[in-house]
Amino acid sequence: MSNTAKLSARDRIETLLDENSFVEIGALVTKRSTDFNLPGNDAPGDGVITGYGLIDERVVYVYAQDASVLNGTIGEMHAKKIVALYDKAMKVGAPVIGLLDSQGMRLQEATDALEAFGSIYTKQSLASGVIPQITAVYGNCGGGLAVLTALSDFVFMSKDGKLFVNTPNAIEGNNIGKCDTASADFMSKAGTVDFTDEDEVASLNAIRTLVSMLPSNNEDDADTVSGDDLNRELPAFTGELDDVTEAIKDIADMGEFVETKAAYAPEMVTGFIRLNGSTTGVVANRSAKKDENGKVVAKYDTALTTGGCYKAAEFVNFCDAFCIPVLTLTNVTGYAATMNEAKNINIAAAKLTYAFANATVPKVNVVIKKAFGSAYVTMNSKSTGADYVFALEDSEIGAMEASLAAQIIYSSEIEVAADKAAFKAEKAAEYAKCLNSAQSAAKRGYVDAIITGDEVRKQLIYAFEMLYSKREDRPAKKHGTV
């Protein structure tokens, strides 16, 4: 079968699951409505195939909308099949994967179709944080169906998919030729989609990879036997800190890193690795991006952005819900300073701060270059709940860059100095040595250990192994409001 071919709903399921493992549920369910031209339309399965099977011998529940049956539209019985699938998945604690290809709401069923959408939304909301929910867009996914994807944990999309609430032509001042707001490229850069692939087969294989990284439910784990050396040294680590994805792969078992939302807020990297067989979430600041040939193709400020904070906060919340430890690689000097960022950066930073402070999973931070100001506090610092903070030997931790601090503290002295530049440089050097070094932070207990790049992997494995049985209580409340 050609990788570029558009697969049928059943082919998608067969490609996704282990060979011969799919068991269909509700194959004979069909529509009850007979209004508005529906009586003569055969509707096998009511436009959706539901059932369960295996991915790497682990149970998953899956539904695939069948665009060849009533255009895959959602009506009463279509929704009942999906809701019933969720009920079964929650009982056994298994992920739900939805493969979407639909023209949306079945207009002939009117309020029954509206009720159908609401029943799926409610079931997804109840399942959130209990079982992983993954949706993939392989055809049209518009209107209320787009809300369904946003209620999921991870969204995949093939380049031929269309995801929208309003079509591009319905947006005032726009048309699809001007900007295709439903395309995979647009949605991935907007942060709505986590993973995009050239074709459906590649996307389905990517889902398999992600599922292998995730626990089946919030009381399970995804630990495996590592084929890597837990004491492996990382001689190249300190040279990989600009495009931090390289450093993350260096740390990970067998170099495997599943990056989420790669096209959105690329200055903030999020994704999953394994450390000595245990799935670990990673949040890291990136200052450059390299292509496959090692050439720098983009550079970023070492600053927190609104998009980066939202991206990381959502990821940390997922990890905390499913008991996945979190590793942070920190290189941040402040907040992005633009007119656009000024609108919401404080709110976004608050959400990331809250996510780290509220998370009770094991949390380890490594300061890889610079960690300045309240932006560092937000990035999983000791004060916001990190269980362990490591720092590389030449890293800097403090309130702000030494030169700026000297300018503020010694402003009057600099003005009357015979050599202003030399005096400022002298005071900046003193400030850096006394207050901006990793050593000064360690003396105050804000850093647990100063380590070399070579030993980062083994130190992280030791730390997370020690934190494996961590338990942490929070004040009794219904939920927070940040």
Side-chain angles (χ1 to χ4, degrees), residues 9 12-13 16 48 50 52 55 60-65 72 74 78-79 81-90 93-102 104 116-158 161-165 182 184 187-188 190-197 200 203-204 206-218 222 258-264 270-272 281 310-311 313-322 324:
R12 289 167 183 159
I13 292 175
L16 173 67
V48 62
T50 58
Y52 61 92
I55 291 180
V60 298
Y61 283 76
V62 60
Y63 66 91
Q65 293 177 317
I74 296 181
H78 184 119
K81 291 181 68 175
I82 295 174
V83 168
L85 192 78
Y86 263 93
D87 286 335
K88 292 179 175 66
M90 290 180 69
V96 171
I97 303 170
L99 310 179
L100 307 183
D101 186 359
S102 168
F117 270 92
S119 65
I120 297 174
Y121 294 164
T122 299
K123 197 60 65 173
Q124 283 189 282
S125 300
L126 293 174
S128 180
V130 179
I131 54 174
Q133 300 179 69
I134 296 169
T135 53
V137 179
Y138 295 141
N140 278 313
C141 179
L145 200 58
V147 177
L148 185 151
T149 66
L151 285 168
S152 302
D153 297 308
F154 299 100
V155 182
F156 289 74
M157 194 170 175
S158 67
K162 297 294 181 183
L163 175 60
F164 56 91
V165 173
M187 285 298 176
S188 61
T192 305
V193 171
D194 294 274
F195 303 91
T196 58
D197 288 282
E200 294 181 15
S203 181
L204 291 163
I207 293 175
R208 288 180 58 89
T209 299
L210 177 64
V211 169
S212 72
M213 280 280 191
L214 302 179
S216 293
N217 55 67
N218 62 346
V258 178
E259 185 176 358
T260 63
K261 295 191 190 310
Y264 174 59
T270 58
F272 299 102
Y310 282 135
K311 173 181 175 177
E314 179 183 315
F315 182 78
V316 172
N317 286 334
F318 175 84
C319 290
D320 189 47
F322 288 95
I324 298 172

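Since the structure is predicted, the reported quantities are computational estimates derived from the model, not experimental observations.
Screening residues 123-143 for salt bridge (Lys or Arg N to Asp or Glu O under 4.0 Å) gives D87-K123 as the qualifying pairs, with residues at least two apart or on separate chains.
Proximity of R12 to D101: side-chain heavy atoms (C-beta onward) are separated by under 4.5 Å at one or more points. Looking at S216 and P95, their side chains come closer than 4.5 Å, going by heavy atoms from C-beta outward. Looking at I120 and V83, their side chains come closer than 4.5 Å, going by heavy atoms from C-beta outward. Two residues are said to be in side-chain contact when any heavy atoms from C-beta on lie closer than 4.5 Å; V147 and F117 fail this criterion. Residues I207 and L210 fail the side-chain proximity criterion, which asks for heavy atoms closer than 4.5 Å. In this structure the side chain of Q124 never reaches within 4.5 angstrom of the side chain of V96, judged on heavy atoms. Residues K162 and V137 have side chains not in contact (no heavy-atom distance under 4.5 Å, counting atoms from C-beta outward). Residues L99 and L204 have side chains in contact (heavy-atom distance under 4.5 Å, counting atoms from C-beta outward).
The backbone N or O of V316 lies less than 3.5 Å from no partner atom in the side chain of D320, so there is not a single donor-acceptor pair. For D153 (side chain) and Q133 (main-chain N/O), a donor-acceptor pair under 3.5 Å exists by modelled atom type. Listed for the K311 side chain is a donor-acceptor partner under 3.5 Å among the backbone atoms of K261.
Crowding of F164 atom CZ: a count of heavy atoms from other residues, nucleotides or ligands under 6.0 Å exceeding 12.
Residues passing the ring pair (Phe, Tyr, Trp, His ring centres under 6.0 Å) test with F318, sequence neighbours excluded: F154, F322.
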